[in-house]
Amino acid sequence: PYTTLFRSIGPGMSRSLARSLVVAEPLIPFPVERVQQTLITWYRRHRRDLPWRRTNDPYRIWLSEVMLQQTRVDTAIAYYERFVRRFPNLEALAAAPVEEVLKLWEGLGYYRRARNFHAAAREVCEHYGGVVPDDPAVFGRLPGVGPYTLGAVLSIAFGRALPAVDGNVMRVVSRLTGFAEPIDKAAGRKYIEAVAERLVLQSAPGDWNQAMMELGALVCKPRQPSCEACPVAGWCVANQNGNAEALPLKGESAPVQEVDRAVAVLYSQGRVWLQKRPPEGLLAGLWDFPAVEAPWGTWNLPGEREKALLEGLREYGVRRPRILTMLGETTHTFSHVRWRMTVYLCTGEAAPQEGTCWAGRAELERLTLPKAVQRIVALLESAGIWSSGAQR
Ligand code: SF4
């Protein structure tokens with residue numbers, strides 16, 4: 001349909017202008033009401049019984065939406081249940097120190113979500129009497145609330161007719177409409193968002209948004225979509241064209257940046273030295289071992305990595321740093337960065353300073369350690385440093 005519109009506009013019209021017209025009035029190549037009724041009926045019969053679907057509490061619905069960004073449903077369930085046991089309402093969350101919130105989040109990754117959710121809880125308690133605001137203009141200004149969270153929470157918890165466009169919905173819409181343009185470019189994204197907005201079932205927007213997401217998660221999967229079991233297959237353009245798996249189209253994604261990371265496990269009398277990462281950026285404010293980094297391929301000559309690490313330790317204020325041995329190598333991949341870590345057992349004198357601590361084996365368990373750092377701790381365990389490190 002959008003290609004038809006391009007053609008009908010004629011050869012004199014630029015493609016970008018044509019696209020802007022399409023977005024202003026998205027053409028939808030199927031009967032909207034029939035698709036809505038069919039999909040909502042399917043959802044109400046087949047939806048999974050998930051803990052956050054058994055509540056109307058906006059706080060719990062909001063928490064689930066925060067957790068489900070970047071996290072699979074199976075993984076999120078246990079975290080969600082633990083979280084609401086410890087923080088059953090916004091007041092309890094707002095009253096807790098952020099360190100405790102991060103500890104409950106440990107292993108879920110993307111810790112900024114937890115920090116923002118905690119900050120937002122405090123803001124709601126301070127300015128809105130602990131009641132989650134249902135006004136999009138107010139809710140949308142809270143920390144961490146982007147367009148997806150806004151649409152999901154307000155539609156599910158308050159019945160606001162707003163779309164919630166996540167990766168599942170982008171995929172379902174692009175296939176249903178047979179949209180053969182990259183959806184990660186501005187024009188493509190606008191088209192998908194405009195269609196998603198037009199599709200929202202006004203009488204049940206929360207169920208509608210969840211129905212779209214559920215279809216994407218269970219049936220219209222990224223690979224090998226189950227078109228034969230799909231309730232809306234009869235109206236789906238990609239199904240008719242036989243190119244469902246090829247959609248959505250995406251532009252070239254940025255390559256993962258390989259980082260050479262030399263990590264120092266500074267060991268003294270059964271304890272290791274940790275530092276808090278800076279308050280902004282990757283793993284902001286979480287505990288980490290001191291380390292130096294360079295783009296992969298920088299340290300090519302023998303001894304260069306070790307020399308850089310010792311210089312780095314001196315800059316961290318460690319006196320007489322010495323490398324005892326290399327403990328092992330491990331990697332951790334974030335969305336756009338891969339840490340290729342070489343871990344060294346070191347000694348040296350580290351003066352007490354803010355944002356650092358000496359931790360024994362038991363204390364390490366109490367700290368919030370991101371997965372990348374847990375990999376280093378696993379190396380310490382397998383090298384047996386807790387029993388033998390002092391004698392090295
Ligand atoms: Fe997705 Fe296939 Fe259903 Fe189309 S028919 S929406 S491609 S599962």
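Quick note: numbers below take in every heavy atom, side chains included, and nothing from hydrogens, waters or symmetry partners. Just follow the structure's listing: the first ligand is 1, and inside any ligand the first atom is 1.
Residue nearest to atom 5 (S) of ligand 1, selected from Ala229, Ala233, Ala238: Ala233 (by heavy-atom distance).
Scanning all protein heavy atoms for the shortest distance to atom 2 (Fe) of ligand 1 gives Cys227 SG, 2.3 Å. Closest protein heavy atom to atom 3 (Fe) of ligand 1: Cys230 SG, 2.3 Å. When hydrogens are left out, the protein atom nearest atom 7 (S) of ligand 1 is Ala244 CB, 3.5 Å; that is the closest non-hydrogen contact.
Set against the non-hydrogen atoms of Arg175, the atoms of ligand 1 under 4.0 Å away are 7 (S).
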**Message:** Walk me through whether Tyr43 and Trp208 qualify under ring-ring contact (aromatic ring centres under 6.0 Å, His included).
**Reply:** CA-CA 8 Å; Tyr43 171 69; Trp208 173 258; 9.6 Å; no
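With respect to Arg53 and Glu214, a salt bridge is recorded, a charged nitrogen being found less than 4.0 Å from a carboxylate O. For Glu106 and Lys103, the salt-bridge test passes: some basic side-chain N is under 4.0 Å from an acidic carboxylate O.
Met212 is connected to Tyr191 through a chain of hydrophobic side-chain contacts under 4.5 Å among Ile, Leu, Val, Met, Phe, Trp and Tyr, so both are in one cluster.
Remark: the backbone N or O of Tyr316 is paired with a side-chain donor or acceptor of Gln353 at under 3.5 angstrom.
Atom 4 (Fe) of ligand 1 has an N, O or S atom of Cys236 under 2.8 Å away, backbone or side chain. Residue Cys220 counts as close to atom 1 (Fe) of ligand 1, with an N, O or S atom under 2.8 Å.
A salt bridge (Lys or Arg N to Asp or Glu O under 4.0 Å) with Asp288 holds for exactly one of Lys276, Arg261, Arg375, Lys371; it is Arg261.
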